[in-house]
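Data block below; observations after.
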There are 2 protein chains.
Amino acid sequence: MPEQNPGPGAARPTLEAVAARAGVSRATVSRVVNGGAGVRPALVEKVHRAVEELGYVPNQAARTLVTRRNDAVAVIIAEPEFRIFSDPFFERQLRGISRELTAHDSQLVLLWVEGPGDYDRVARYLRGGHVDGALAFSPHHDDQLPAVIGRMNVPCVYGGRPGTASGPGVPYVDCDNRGGARDAVRHLVSLGRRRIAHVAGPLDQASAVDRYDGYRDARPATGSELVVEGAFTEESGARAAAELLDRCPDLDAVFAANDLMASGVLRTLRERGLRVPEDVAVVGFDDMASVVDRTDPALTTVRQNVEEMGRLMVRLLMRMLAEGGAGAATPESVVTPTELVRRASA
Amino acid sequence: MPEQNPGPGAARPTLEAVAARAGVSRATVSRVVNGGAGVRPALVEKVHRAVEELGYVPNQAARTLVTRRNDAVAVIIAEPEFRIFSDPFFERQLRGISRELTAHDSQLVLLWVEGPGDYDRVARYLRGGHVDGALAFSPHHDDQLPAVIGRMNVPCVYGGRPGTASGPGVPYVDCDNRGGARDAVRHLVSLGRRRIAHVAGPLDQASAVDRYDGYRDARPATGSELVVEGAFTEESGARAAAELLDRCPDLDAVFAANDLMASGVLRTLRERGLRVPEDVAVVGFDDMASVVDRTDPALTTVRQNVEEMGRLMVRLLMRMLAEGGAGAATPESVVTPTELVRRASA
DNA sequence: CTGAAAGCGCTAACAT
DNA sequence: ATGTTAGCGCTTTCAG
């Protein structure tokens, strides 16, 4: 249990004080505090005791001033849409980030961007040198945020492949959306389904586009595409299914670009008296527990390991920082594998 | 649009450089950068131009070192339970905090505490003087986190009344849980209901206890208490309702300590063929949009303004900081009013 | 292996 | 109204 903080009233002990108490120089205390390499064990011990007794904690500002390291990373969340934050999905990713950052002794500074009006603030903050690097989420293809961040020349890793505005060579971590979608549709094909519809996500987001591409890769060549664009919400999935059924009453499978929409699809199917999977097989994407657990029948879906993706973002960033920031070449992006999880719906 | 960052390679310009360029002293530049009070307009203009041309941004570490201000606040989230983060409820509160912090030119540093093993890390961080103050969420009555934070002597405001472990006089922002519960139950009474049951939240949380107390205040004096403790989840609400019905088949109203549990109660009632509100009236607590919108019938509930509560936490903290931290007396806590929202269920 | 000394970039008295 | 000066607390050569 750490000592009591003397508080804002009483001045906190400095290196100087510790040095005096231990009967050594400031330099020696500094060495000990930073690992104690090349200091005689006896002195190390003495210094440690003094630190303990005085309740010494290094002043981070002073340290940053000379080392130019902050041990802090910004997490930038662009939220042009509603809700992204309360997405259990995103929570998992943030948790992965938080844990990995802790493992690297770094702090998480949250920058919540509600719109273009906030870009200046973010830019200023990044320029201010408050953080060693950034992790950013900016799903929308035309969002200018990546461009703004890019101009700041701060090492940054994206969660999800960023849009065109960010320019090429921007490192990111994403799951294999296209491959996962391909697996999902191939599975439906292997079940003997032929009229396979797709409820796409908002096509201004890379993940939605990639999943759509995967659908195109794998769907049977016969017949035409059967696609409606949704909004990644339950409601939009339900509406999309209705439209699809109107257009093609005898469709025998639906691949939805996420679980929430798949859940909406199931609802519409039930309302129309269609059985799942007998009449129509359904596959989702994400394996989002809060949806998948409640669905009836249990939803077959494509799983991605989001927490791991969060951790990978941090590791990638740390590698960039270690290699000396702007000088080094940007590292490769990471694309994580997905896994088809078979349940009752397909 | 801010200039391009010279980047880690090129050294950033310092006050010194700006001073040289503008042909003034460092002190003058400093004054201008910090508001420019008492500097001749002509010079202000000159300095501004130099700042512009050089793309100067103050070094925060250097500034913090001398002013002892960080312009950063820690948000500490204890999460002994699952899920708290993806709670849309909590998102709203965090958003209020984020916005108000931005208005005060402060940054949000997120400290995610997953268990007692993290307490040391938090304590060290707080001791390190990285932040001017903290905002903490620690709903569980016996959680030692408030005690740990208290010992650090860092100004801190709690979201929700903290448990006993924090000691007296700890400032917090909470809604009037007891009064809101009282209103809910009084409303049921005014509807002529007499056998009013309560599905309580986990009674190791102050909010659950307070709502329970409100129930006791207002329930009809006749008959005995009819209470089951739930876990603030939909499922636990459903189970609690089943138990209540077994114990008292002719109950005519249920007040649930939150909307999620109320939704579970509705489910059980429906399964047992009871009509709402004809046979049993139901009232929830929170007015959580994602629940209230889907419920059938629409849920009567007690609304609290969470975003505002988040903002109030920041304002309270800022007042403490302005008044000089530990020296001044801790300010009064803030209890915000609730509002009964009548819908179809009661 | 240890200590002395020189800053990191900025602010805030204190002079002028 | 402006400039001069003395640190803030730490790391890091450079001597010894």
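Residue numbering restarts at 1 for every chain, and letters A, B, ... go by the order of the sequence lines.
- In the displayed structure, A:R311 atom CZ is contacted under 6.0 Å by more than 12 heavy atoms of other residues, nucleotides or ligands.
- Considering only side-chain N and O atoms, A:R40 lies under 4.0 angstrom from the phosphate OP1 or OP2 of C:dT2.
- Across B:V131, B:L111, B:L110, a single residue satisfies side-chain contact (heavy atoms from CB on, under 4.5 Å) together with B:I76, and that is B:L111.
- Across B:R31 and B:V39, no two heavy atoms sit closer than the pair CB-CG2, 3.9 Å.
- Counted by atom type alone, A:S138 and A:D143 present one or more donor-acceptor pairs between their side chains at under 3.5 Å.
- Distances from the side chain of B:N34 to the nucleotides C:dT2, D:dT2, C:dT11 place C:dT11 closest.
- Residues B:M313 and B:I97 approach most closely at SD-CD1, 4.3 Å, considering heavy atoms.
- The minimum heavy-atom distance between B:P58 and B:R12, with the atom names listed, is O-NH2, 3.6 Å.
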Give me the distances for all protein-to-nucleotides 7-9 of chain C N/O pairs that come in under 3.5 Å?
| unit_1 | atom_1 | unit_2 | atom_2 | d |
| --- | --- | --- | --- | --- |
| C:dC8 | O3' | A:R68 | NH2 | 2.8 |
| C:dG9 | OP1 | A:R68 | NH2 | 2.4 |
| C:dG9 | N2 | B:A62 | O | 3.4 |

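- The shortest distance between the side-chain N/O atoms of B:S25 and the OP1/OP2 oxygens of D:dT2 is not below 4.0 Å.
- For the residue pair B:H104 / B:E100, a side-chain donor-acceptor distance below 3.5 Å is found, with atom types taken as modelled.
- Note that the two end axes of the helix from C:dC1-D:dG16 to C:dT16-D:dA1 enclose an angle of 40°, each drawn from 5 base pairs, rounded to 10 degrees.
- Distance CZ (B:R69) to C1' (C:dC10): 13 Å, rounded to an integer number of Å.
- Side-chain contact between B:R49 and B:V18 is absent, with no heavy-atom pair separated by less than 4.5 Å.
- For A:T67 and B:R31, each mapped to the nucleotide of DNA chain D holding its nearest heavy atom, the one lying further toward the 5' end belongs to B:R31.
- Under the ring pair (Phe, Tyr, Trp, His ring centres under 6.0 Å) criterion, B:Y172 pairs with no residue at all, not counting sequence neighbours.
- Applying the 4.0 Å criterion to OP1 and OP2 of C:dT11, one finds that B:S30 has a side-chain N or O inside that range.
- For the pair B:V24 and A:A27, nearest-nucleotide mapping onto DNA chain D gives the more 5' position to B:V24.
- Nucleic acid contact class of A:V33 (heavy atoms, under 4.0 Å, all strands): none.
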